[in-house]
Structure formats: structure tokens, C-alpha cells
There are 2 protein chains.
Amino acid sequence: MIKLSDVAKRAGVSSMTVSRVINHPDKVSADTILRVQKAMEELQYVSNGPAKSLALGQTRILALLVPDITNPFFTTVARGAEDVARDAGYRLILCNTDENPQVEWNYLQMSRSRQVDGMIVSVCDDNSAAHLKVLPIDKVPVVLVDRKIPSEPYLDYVVGDNVLASEQLIDYLITKGHTRLGFVFGNPAVSVIRDRMAGVQRSLKRHDLIWRPDLCLTQARSPGDYRLITDDWIPRHHVTAIFAWNNLTAAHVYHLLVSHGYRVPDDVLVSCFDNPDPLSITNGFIPFVRQPAYDMGRNATIQLLERIAGSGRQGVVHQILVSQLVDRTLTPTTRIAEHR
Amino acid sequence: MIKLSDVAKRAGVSSMTVSRVINHPDKVSADTILRVQKAMEELQYVSNGPAKSLALGQTRILALLVPDITNPFFTTVARGAEDVARDAGYRLILCNTDENPQVEWNYLQMSRSRQVDGMIVSVCDDNSAAHLKVLPIDKVPVVLVDRKIPSEPYLDYVVGDNVLASEQLIDYLITKGHTRLGFVFGNPAVSVIRDRMAGVQRSLKRHDLIWRPDLCLTQARSPGDYRLITDDWIPRHHVTAIFAWNNLTAAHVYHLLVSHGYRVPDDVLVSCFDNPDPLSITNGFIPFVRQPAYDMGRNATIQLLERIAGSGRQGVVHQILVSQLVDRTLTPTTRIAEHR
DNA sequence: CTGTTAGCGCATTCAC
DNA sequence: GTGAATGCGCTAACAG
């Protein structure tokens, strides 16, 4: 591997001069710059990252940790983060924690070990608090995105308006005549789950409908766990609409319903957060809450960069971004989106 | 930041002993190990990555470069790569080049600058050859995935059987009675595009159908470019089926058709490579070629690890993985998939 | 089994 | 404007 001294030798200068040409060209005479640049070109010089990072104490790399890289929601967040990072002269790397705290912990070490300058993290669940707690010790900048952790209020975050949006979605379903509602939630140790549940309950209460735990599925993992829907909810309790906490879950529910001969949305309506059909292949028969994923990534990264620079707001920054209800089954002129 | 010497001081040993406890515990006495581990625990020690990498000459990090992180095909490749990397004790980081050679070049530097031990790359296009050419100079291991580069036959790659699969897909469409076919391809500087075109032409020739350049769209970028389909192909040339080179393109075509009042697949059939509906929300009215994305990621990473270890096959390794034709509109018993 | 020495490649600080 | 010395934190090689 070509190093600084190799370039220096060829250009007939010291290593220091080469270093200056790279970092402080204004402090080097014009013709030596040319000589050095020529040598670098000929030798195809690339600096040694670890050496540079060790000397400088920074990498100009940011990491984005997401729990599920296959979920289009998170790849959109990534795009937002990436665009900001690039414009600021940083590289962005993506790490998939796969909803696995062990893996998450492993990737989090990358920040403590100074392999990245900061991290944007969508945590697995609240238990990640134990891991994140140690980061401030080393003054490692972190910004949470999408999922916050109530027990760690000193952490910056950028999230969606989960409570409000789910409340509005349920309002909407009720308005359309659905009073027998079924719910599919995930791990309640995840903030978005709890917030969306809270929103649901608020809406129900306002409409004098009772919250029925027996019509709520949590922690459903295997396809078999969903059977309650077709075995019990629909035949026995006449559920006409199901709210799934996210796009992937909605897809599961949808499949189950169709495979049991139900028509969606005519027999049973399905709705959720995040676009269950990112390529928009369907006619959009699943009303959903569109979260500003791209902006979440953008804003979180801007915030992270401010933390790294030490500039910007002093106190803790909590951003809550507004979502939008989308129902493509409506005609364009009556679309919910336009009403807001 | 806590460093090795801090731990050493607290444990009453030298830095070297602490280093040994971490890297070669078998060469340290049992009780000193305990003392050191206690000190590390109390001080929350984490090694300095850049320093370690500089001393060791390796990072145990692999990078996967993909042109479009929002395409489910690539995230599936990523999952495959990730699982192999993790099992081998490596971290995998994802980098999105956004089909931009500039950005790609930037990320490629990470390998030359020794910030990662190797790279799995799905190149933007053949022009990336100029960038990849320099990697062997620094003996940086690289394996191409999905997209190969004919001009660089010395590079390992793992790709799909694009020629054969597209030939079979067209065979299938013709068998179903479609003889008026329209095609949407992308940048012909990408190997998969050329290979899929070749397969198409082979099939047409075998069925005594002529290849009509006027019924082929290449380099279509903006939505407006697609208008030829509804303005010309269908009304004037009675095209009844359209082959799109990938899932995202198929989605564009689908939207266009629907917005112009055509029914898919009854009026016009659409087919493509890669699942255009990864969450399977639709009834699958778009027949597509399912590439073994996960295995592509797996195999490419296994190959990369072998290169890094210096073990494994000596010569260049070219893997071509078999794809599968999927048409969900068929009843289960007659599905193409089952026929193979 | 443990400590000392030296070097990984680069950049900051101080001389010239 | 340029060069020489020093240190970033860690580990491999050698002593003891």
C-alpha cells in the first residue's frame, strides 16, 4: 500500500508537505502542490483510513442502525439520512440490527470504538436503553429516529406523531361505519407500538366504544398466531376492520384473510401505518398512515451533525413529525389527504 | 475515552497483559484474567477501532455496495450477505450508491483506505471498471454481485442466469398467446440489461418473431418517456404484453397502463424480473422471474471471505445462480414453479 | 506467564 | 514555505 512517505519520496519533499497538500493546500507553494499532486496521481495514493482516524480522532462516517432493512419504511429513512450526510461531506453506512438486541449492541460498539463519528438509531426496543446509556459517557453523539425511549429523555429523537395519527385513523374507520375493530400490535416494549395503542384507545373512548383486549393481538410472530382473526374475531365477533401496527403486519393479515376466502376491503377492511405497497402495484385498498420517512432520516441526520459540530441547539431536541392519512379507494377529490 | 493503559493501571498490570486478555487469553494466568476483566467492566472499556485496525491491518468489517437500497431485491441480497458475515465474526455495512458512479467511487475508497476488509459490489454500470481496476493493485478483495463487468473477467462474481431466465419468460408469454410484445429496458451499460435483452432475442428468434427496436424502450428515466407505450405501442401496434427489466420499472408501466384505463393483465400483461410486490399484497397478476437474491448475497460473501482468508479456490470464481418463473395467476397445481 | 520495545500511517506542534 | 520530532492507541516480537 502506497503511503504518505512514498509520495513524498517521489515528489522530493517530506511527508509533512504531502500531508499539507491534502489538508492545508493554502500553506504550500503552488509548484510543490503540483509536484506532489502529480506524484499522488502516479502512485494512485489513497490515505490509510485507520491511521488518519487515529491521528485525527474522527472518521467523517455516520452510521444508521435500523431494525429491518427489508422494510421500505426504513430504506426511505436511509435515503433521507444519506442525502444530508453526503451534502455535509460525510459517508453514511447502514447497519441492519434485525430486531436483535445482540446485533444492535455489536453495531453500537462501532461508535464507542470511534469507527464512526455518530449514529442515528432506530432501536430494537426500550431495553436498548441499557446499551445507549453508556454512549454519553464517551460523548458519542446519538439521535434516535422513529422509535424513542421514554426512560432516556436526554436523548435527541425524531419520530412520527404516532398517537395522533393512529387516533385519526381509527376515527376515520369509525366514521366509515366500522365499530367492530380488531387490532394487531407488536412488541409493546417498542415506543411506536405503545403510542399507536394509546391513539387507538383515545379514539375508541371518544366514540364510546370499549377497548376489548380479546380483539387485540400482540407479539404475534408466527403465522399461526394470526389464526385467531379468522377463527374467532370475524366469525364470532363480526369484526369488519383490522388495524395492523405496520405495513408488514398488514400484509400478513391480508394474506390470511384472502386465503380464508374473505374479500378485502369488502368483507374486512385492513389498515395500518406505512405503505404496505411501496411500488403501488395495487389499487390501494388498504388505507394507511403515511409517515414522513424521508424527512425523519433528514432531520435526524441534521440534528446529529449539529451535535457532532457542537453547534446548534444546546438542550435536548425532540422532533415529532406530522403524518398523513391516505386512502386511495376514495376518488381524488375526496381524498383524505386533500382535506388536511 | 478509556484506553488500554487505563485498564492496565487499574488492574495493576501492563497494557500488554490487557491486550492479551482480549486477544490471547490462553496465554494469561486465570486470576490476572479475572482482575483485568473486572477492571474492563468497571471502566466500560471499549477498544479504539482505528488504533486496532492500524496495528492489525484489518477491521473485520465487510461492505456491501448496492445501487438502490430501496429496491427489495437488494435488501434481500443484503440479508444474505449479512447472515454469512455475522456467522464469520464480521460486521456488514451497507452503502447505497444510488446508481451514481461518483458516490460509488467514494465508497470504493473505503476499501482502498483499509476501512473495510473487503467489498461485495453491485456496480452502477460497466464504467465502474475503471474504478475497480485499481483495487487489485492494493490487493483489496472484491466480489461482484448481480451485475458483472465483461471487461474485467478476473473479478469474482455471483449473478443470476439472466439470459436463460428472460428467454424462458418470453417463451412463456408467447406460449400464452402473446406475440405482440413491448419491452422496457434500462441502461445497456449494465450487464443484466444486456443479458436480459439477449435472452429475449433468443426466444423471439426461436419462435420466428422479429425483434422490433421500435417496440423497445431503453434508458427511460422520466415518467414521460413511458408515454410511447400508451400513445403508440398499444393503440397502433396492438401490443398485448410488456416485459419490464425489473420490478420498479414494471411498477411504473403498470401505473401508466392503469391510469390510461387499461386492465392488467386482461388488456395488457406486464411481466418482469424480481418481485414487484414484495409484501405480496396483490393477487400476483404480474408474472415475474424470481432471482435467488438471498443466496446471491450469501454466496458472494462466502466467496469474499475465502479471498480474504487467502484460502479457497485459486482461480477466478464465476457463479451463475438459477432463477425461477413465478405466475401466481395460475392455480397452484399448474404453477410454473412446480413444473421445474 | 508478564513486561519492554518498536512500529502501524498520519497530523499537530514547533523549529528553521 | 518546509522539515523534524512527537503522539494517537494498539499489538507483534522479543526479553525476562
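Note: hydrogens, waters and symmetry copies are ignored here, and every other heavy atom, side chains too, is used.
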With B/Y157 via ring pair (Phe, Tyr, Trp, His ring centres under 6.0 Å) - residues at least two apart: B/H318
Those residues that, when tested against A/D156, pass salt bridge (charged side-chain N to carboxylate O under 4.0 Å, His left out) (two or more places apart): A/R307
Residues that A/A51 engages under side chain to side chain contact (heavy atoms under 4.5 Å, CB included), provided they are two or more places apart: A/N48, B/L54
Listed partners of B/S122 passing side-chain hydrogen bond (donor to acceptor under 3.5 Å, both in side chains), at least two apart: none
DNA chain C contacts among residues 5-17 of chain B, heavy-atom distance under 4.0 Å: B/V13, B/S14, B/M16, B/T17
B/L56 CG to D/dC8 P, straight-line distance once rounded to whole Å: 20 Å
Nucleotide C/dC1, atom P - distance to CZ of B/R35 in whole Å: 14 Å
Residues that B/P153 engages under side chain to side chain contact (heavy atoms under 4.5 Å, CB included), provided they are two or more places apart: none
Relative orientation of the end axes in the helix from C/dC1-D/dG16 to C/dC16-D/dG1, expressed as an angle to the nearest 10° (five pairs per end): 40°
Strand-adjacent residues in residues 39-55 of chain B, judged by heavy atoms under 4.0 Å from DNA chain C: B/L54, B/A55
Residues in side chain to side chain contact (heavy atoms under 4.5 Å, CB included) contact with A/A129, at least two apart in sequence or another chain: A/I149, A/S151, A/E152
Donor/acceptor link under 3.5 angstrom from B/R114 side chain onto base of C/dG9: no
Separation of atom CG in A/N23 from atom P in D/dT2, rounded to whole Å: 15 Å
Below 4.0 Å: OP1/OP2 of C/dA11 and any side-chain N or O of A/S19: yes
Partner residues of A/D6 under the side-chain hydrogen bond (donor to acceptor under 3.5 Å, both in side chains) criterion, sequence neighbours left out: none
Interatomic distance, B/R112 CZ vs C/dG9 P [rounded to whole Å]: 15 Å
Neighbours of DNA chain C within residues 24-31 of chain B, by heavy-atom distance under 4.0 Å: B/K27, B/V28, B/S29
For A/S111, side-chain hydrogen bond (donor to acceptor under 3.5 Å, both in side chains) partners two or more places apart: none
